[in-house]
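Right, one structure below, let's go through it.
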Amino acid sequence: MADTIADTRRLFSKPQNLNDAYGPPSNFLEIDVSNPETIGVGRGRYTTYEVRLKTNLPIFKLKESSVRRRYSDFEWLRAELERESKVVVPPLPGKALFRQLPFRGDDGIFDDSFIEERRQGLEQFLNKVAGHPLAQNERCLHMFLQDESVDKSYTPSKIRQA
């Protein structure tokens with residue numbers, strides 16, 4: 001009779017240690033877009049942003065990286081992801097065509113408030129995209145986040161887990 005009674009002893013879970021409680025989270029991916037810098041003069045003027053990444057995800061070859069990118073690089077990344085991946089890619093912050101008109105009372109697309117608004121939008125875009133597991137397999141995302149320069153003539157491919 002004792003053989004047929006189910007074992008109902010309590011399952012003991014391992015107690016949480018200090019490292020579990022206060023150590024780094026098991027998987028994290030942090031991307032900051034910061035330090036805008038406006039470069040050049042006249043029609044050749046543009047703004048670059050620092051893109052900093054910190055992660056412990058094994059798919060990224062560098063656990064920390066910092067690169068500079070301009071808006072057109074973000075447009076390139078978005079177009080590549082739309083073409084190469086199965087991810088629904090979120091929109092970028094707008095192109096701000098009216099801000100590019102001459103004879104404005106402010107600095108247009110080089111106005112500090114606009115640059116800050118765009119910086120926030122670019123950071124949200126990157127965090128949404130890079131947080132998607134399918135996007136994390138795309139070579140273009142890795143190049144954008146971690147390579148010194150973006151090789152727009154690259155061969156699209158998938159990244160395999162390290």
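What you see below is based on every heavy atom in this structure, not just the backbone, and it leaves out hydrogens, waters and symmetry mates.
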side-chain hydrogen bond (donor to acceptor under 3.5 Å, both in side chains) between Gln124 and Gln120, worked out: CA-CA 6 Å; Gln124 287 172 348; Gln120 289 176 10; 5.8 Å; no

Steps toward side-chain contact (heavy atoms from CB on, under 4.5 Å) verdict (Val67, Leu145): CA-CA 7 Å; Val67 295; Leu145 290 172; 5.9 Å; no

Derivation and outcome, side-chain contact (heavy atoms from CB on, under 4.5 Å), residues Tyr49 and Arg70: CA-CA 6 Å; Tyr49 302 85; Arg70 54 190 289 185; 5.9 Å; no

Candidate pair Thr55 and Glu30, rule side-chain hydrogen bond (donor to acceptor under 3.5 Å, both in side chains), full reasoning: CA-CA 6 Å; Thr55 187; Glu30 296 169 12; over 6 Å; no

Asp73 vs Arg68, salt bridge (charged side-chain N to carboxylate O under 4.0 Å, His left out): CA-CA, chis, key distance, verdict: CA-CA 10 Å; Asp73 296 327; Arg68 290 206 75 82; over 6 Å; no

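Contact of the Gln136 side chain with the Ile159 side chain is not registered, since no non-hydrogen atoms from C-beta on lie closer than 4.5 Å.
Residue pairs meeting the salt bridge (charged side-chain N to carboxylate O under 4.0 Å, His left out) criterion with at least one member in residues 83-94, sequence neighbours excluded: Glu80-Arg83. Residue pairs meeting the salt bridge (charged side-chain N to carboxylate O under 4.0 Å, His left out) criterion with at least one member in residues 131-143, sequence neighbours excluded, are Glu138-Lys158, Arg139-Asp147. Every pair passing salt bridge (charged side-chain N to carboxylate O under 4.0 Å, His left out) that includes a residue from residues 120-135 is listed here, sequence neighbours excluded: Arg119-Glu123.
Closest non-hydrogen pair, Leu81 versus Ser85, comes out as O-OG, 2.7 Å. Looking at every heavy atom in both residues, Ser34 comes nearest to Arg52 through OG-NH1, 3.5 Å.
Salt bridge status for Lys54 with Asp32: absent, with no side-chain N to carboxylate O gap under 4.0 Å.
The side-chain tip of Arg78 does not point at the ring of Phe125 from less than 6.0 angstrom away and within 45° of straight on. Figure legend: cation-pi geometry between Arg69 and Phe74 absent, as NZ or CZ is not positioned both under 6.0 Å from the six-membered ring centre and within 45° of its axis.
Remark: His132 NE2 to Leu141 CG distance equals 12.0 Å, nearest 0.5 Å. For the atom pair CG of Leu29 and CG of Asn127, the computed distance is 7.0 Å after rounding to the nearest 0.5 Å. To the nearest 0.5 Å, the span separating OG on Ser65 from CD on Glu148 amounts to 10.0 Å.
Under the 6.0 Å cut-off for aromatic ring centres, Trp76 and Tyr71 do not qualify, their centroids lying 6.0 Å or more apart.
With no hydrogens or angles considered, no side-chain donor-acceptor pair links Glu37 and Thr47 at under 3.5 Å.
Under the 4.5 Å side-chain heavy-atom criterion for grouping Ile, Leu, Val, Met, Phe, Trp and Tyr, Tyr154 is connected to Val89 within one hydrophobic cluster. Under a hydrophobic clustering in which Ile, Leu, Val, Met, Phe, Trp and Tyr are joined whenever their side-chain heavy atoms come within less than 4.5 Å, directly or via other members, Leu62 and Met143 fall into different clusters.
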